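Note that the structure is a prediction, hence the values are computed from the model and not measured.
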Amino acid sequence: PGLQQVPVIFVTALNDVESEIAGLALGAADYITKPINVPIARHRIRNLLEREHLRKALAEKNAALEAEAALRRQSDDVLRKLWVAVEQSAATVVIADLDARLEYVNRRFTEVTGYTREEALGQNPRLLQSGMTSSATYDEMWKALVNGEVWKGELLNRRKNGEMYWEESHIAPVKDASGVVTHYVAVKTDISRRKALEDEVRRLAFYDTLTGLPNRRLLDDRLMQSLAAMRRSGCFGAMMFLDLDNFKPLNDTHGHSVGD
């Protein structure tokens with residue numbers, strides 16, 4: 001099979017047109033009849049070799065282009081799948097430049113915040129700030145990002161309609177091939193329901209279900225916090241306990257609402 005690519009020159013005494021056509025039809029690269037004119041034959045052979053060299057070079061170039069095109073098609077397919085996955089993600093995904101201007105927001109962002117893509121792109125993410133997240137949280141976030149690190153935390157933000165909502169955010173710097181940060185990408189999840197459930201569990205644990213007043217468990221929790229704070233600061237504190245005599249008859253006679 002390797003010889004199929006080797007050019008063949010017919011050198012023959014048959015100089016009729018039919019023989020030349022038959023030789024070329026069999027795959028001959030050239031057809032030289034006798035008597036041979038050596039200078040002309042040399043030029044014809046040299047030209048044939050140069051054409052063959054160019055043919056091989058062109059074939060190699062075409063093969064390289066085909067391989068590159070296949071790789072590009074594969075990369076485009078991966079990028080298409082990635083784009084679809086991000087666009088249809090259940091989490092909010094946003095990309096911002098180094099000046100914190102939004103360059104991309106996915107569909108979930110518009111669903112959670114109420115802002116359209118057109119309203120959000122080019123804006124600073126602080127359009128979502130509620131003023132309820134501490135400045136220390138933002139300082140910690142930017143310190144991590146400037147150092148090229150990933151930041152994870154919770155933010156209390158505000159939707160377009162003014163409603164507050166909690167987000168768990170993972171924000172990471174995006175680096176180019178040389179390691180230089182070019183963008184920031186954030187993946188955020190609305191955890192408002194989880195926060196509400198946590199508040200409900202905390203309320204049931206620390207407050208009386210009948211009166212809504214703090215219970216003994218909350219007293220123990222706050223007492224432990226105060227003791228820990230006193231140990232750290234070296235300061236002292238005091239606790240006062242009031243015991244009301246004959247309080248039970250009051251509740252039994254007039255009801256808990258009067259007693260409270």
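The backbone N or O of Thr116 sits less than 3.5 Å from a side-chain atom of Glu119, completing a donor-acceptor pair. A donor-acceptor pair is defined here as one N or O able to donate and one able to accept, closer than 3.5 Å; such a pair exists between the side chain of Ser89 and the backbone of Ala91. Arg108 places a side-chain N or O within donor-acceptor distance of the main-chain N or O of Ala90, the cut-off being under 3.5 Å.
His53 is not listed as a side-chain neighbour of Glu50, based on a closest heavy-atom distance of 4.5 Å or more. No side-chain heavy atom of Val78 sits under 4.5 Å from any side-chain heavy atom of Trp83. Between Thr92 and Asn106 the shortest side-chain heavy-atom distance falls below 4.5 Å. For the pair Thr12/Ser19, no side-chain contact is recorded, criterion being any heavy-atom separation below 4.5 Å from C-beta on. Using a 4.5 Å heavy-atom threshold, the side chains of Thr33 and Leu14 count as separate. A heavy-atom distance below 4.5 Å is not found between the side chains of Lys175 and His183.
Around atom CD of Gln74, no more than 12 heavy atoms belonging to other residues, nucleotides or ligands sit under 6.0 Å away. Summarising the local packing, CE of Met132 is surrounded by 12 or fewer heavy atoms from other residues, nucleotides or ligands at distances under 6.0 Å.
The side chain to side chain donor-acceptor pair (under 3.5 Å) search around Arg44 returns Asp30, not counting sequence neighbours. Remark: Lys34 pairs with no residue by the salt bridge (charged side-chain N to carboxylate O under 4.0 Å, His left out) rule, at least two apart or across chains. In terms of the salt bridge (charged side-chain N to carboxylate O under 4.0 Å, His left out) criterion, residue partners of Asp97 (sequence neighbours excluded) are, by chain and number, Arg101. Partners of Asp77 under the salt bridge (charged side-chain N to carboxylate O under 4.0 Å, His left out) rule, at least two apart in sequence or in another chain, are Arg80, Lys81. Residues passing the salt bridge (charged side-chain N to carboxylate O under 4.0 Å, His left out) test with Asp199, sequence neighbours excluded: Arg202.
Using modelled atom types, one finds a donor on one side chain and an acceptor on the other under 3.5 Å when comparing Asp221 with Gln225.
In this structure, the separation between CG on Leu156 and CE on Met164 is 5.5 Å, given to the nearest 0.5 Å. The CG atom of Asp208 lies 12.0 Å from the CZ atom of Arg216; values are rounded to the nearest 0.5 Å. Taking NZ of Lys195 as the start and CG of Leu197 as the end, the distance is 11.5 Å to the nearest 0.5 Å. Taken to the nearest 0.5 Å, the OG1 atom of Thr189 stands 10.5 Å off from the CD atom of Glu154.
A salt bridge (Lys or Arg N to Asp or Glu O under 4.0 Å) check over residues 162-174, counting only residues at least two apart or in different chains, returns the pairs Arg159-Glu163, Glu167-Lys188, Glu168-Arg194. Sorted pairs that involve residues 130-151 and meet salt bridge (Lys or Arg N to Asp or Glu O under 4.0 Å), not counting sequence neighbours, are lacking altogether. Residue pairs meeting the side chain to side chain donor-acceptor pair (under 3.5 Å) criterion with at least one partner in residues 126-136, sequence neighbours excluded, are Ser134-Thr137.
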* Asked: Do Tyr115 and Leu128 pass the side-chain contact (heavy atoms from CB on, under 4.5 Å) test, and can you show the C-alpha distance, the side-chain angles, and the key distance before you say yes or no?
  -> CA-CA 10 Å; Tyr115 290 98; Leu128 301 175; 3.7 Å; yes
* To do: Decide yes or no on side-chain contact (heavy atoms from CB on, under 4.5 Å) for Asn157 and Trp166, but give the supporting numbers first.
  => CA-CA 6 Å; Asn157 286 335; Trp166 281 97; over 6 Å; no
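The minimum heavy-atom distance linking Ala100 with Pro125 is given by the pair O-CD, 3.0 Å.
Clustering of Ile, Leu, Val, Met, Phe, Trp and Tyr side chains at separations under 4.5 Å places Ile171 together with Leu98, Tyr138, Met141, Trp142, Leu145, Trp151, Leu155, Val181, Tyr184. Through direct or relayed side-chain contacts under 4.5 Å between Ile, Leu, Val, Met, Phe, Trp and Tyr, Leu218 connects to Phe206, Tyr207. Residue Ile40 belongs to no hydrophobic cluster, having no ILVMFWY side-chain heavy atom closer than 4.5 Å to its own.
In the hydrophobic clustering of this structure, Leu26 groups with Tyr31; members are Ile, Leu, Val, Met, Phe, Trp, Tyr whose side-chain heavy atoms approach within less than 4.5 Å, directly or through other members. Residues Val112 and Val86 are members of separate hydrophobic clusters, defined by side-chain heavy-atom contacts under 4.5 angstrom among Ile, Leu, Val, Met, Phe, Trp and Tyr. Leu71 and Leu65 fall into different hydrophobic clusters, where Ile, Leu, Val, Met, Phe, Trp and Tyr residues are linked whenever their side-chain heavy atoms come under 4.5 Å apart, directly or through other members. Hydrophobic clustering of Ile, Leu, Val, Met, Phe, Trp and Tyr side chains at less than 4.5 Å, counting indirect connections, unites Ile36 with Ile45. In the hydrophobic clustering of this structure, Leu48 groups with Ile32; members are Ile, Leu, Val, Met, Phe, Trp, Tyr whose side-chain heavy atoms approach within less than 4.5 Å, directly or through other members.
Salt-bridge check for Glu68 with Arg72: passed, with a basic side-chain N closer than 4.0 Å to an acidic carboxylate O.
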Would you tabulate the side-chain donor-acceptor contacts of residues 231-242 under 3.5 Å, counting partners in other chains and residues two or more places apart, or write 'none'?
unit_1, atom_1, unit_2, atom_2, d
Ser233, OG, Ala229, O, 2.9
Ser233, OG, Cys235, N, 3.3

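Of the residues listed (Ile95, Val150, Val94), the one engaging Val185 in a side-chain contact (heavy atoms from CB on, under 4.5 Å) is Ile95, and it is the only one.
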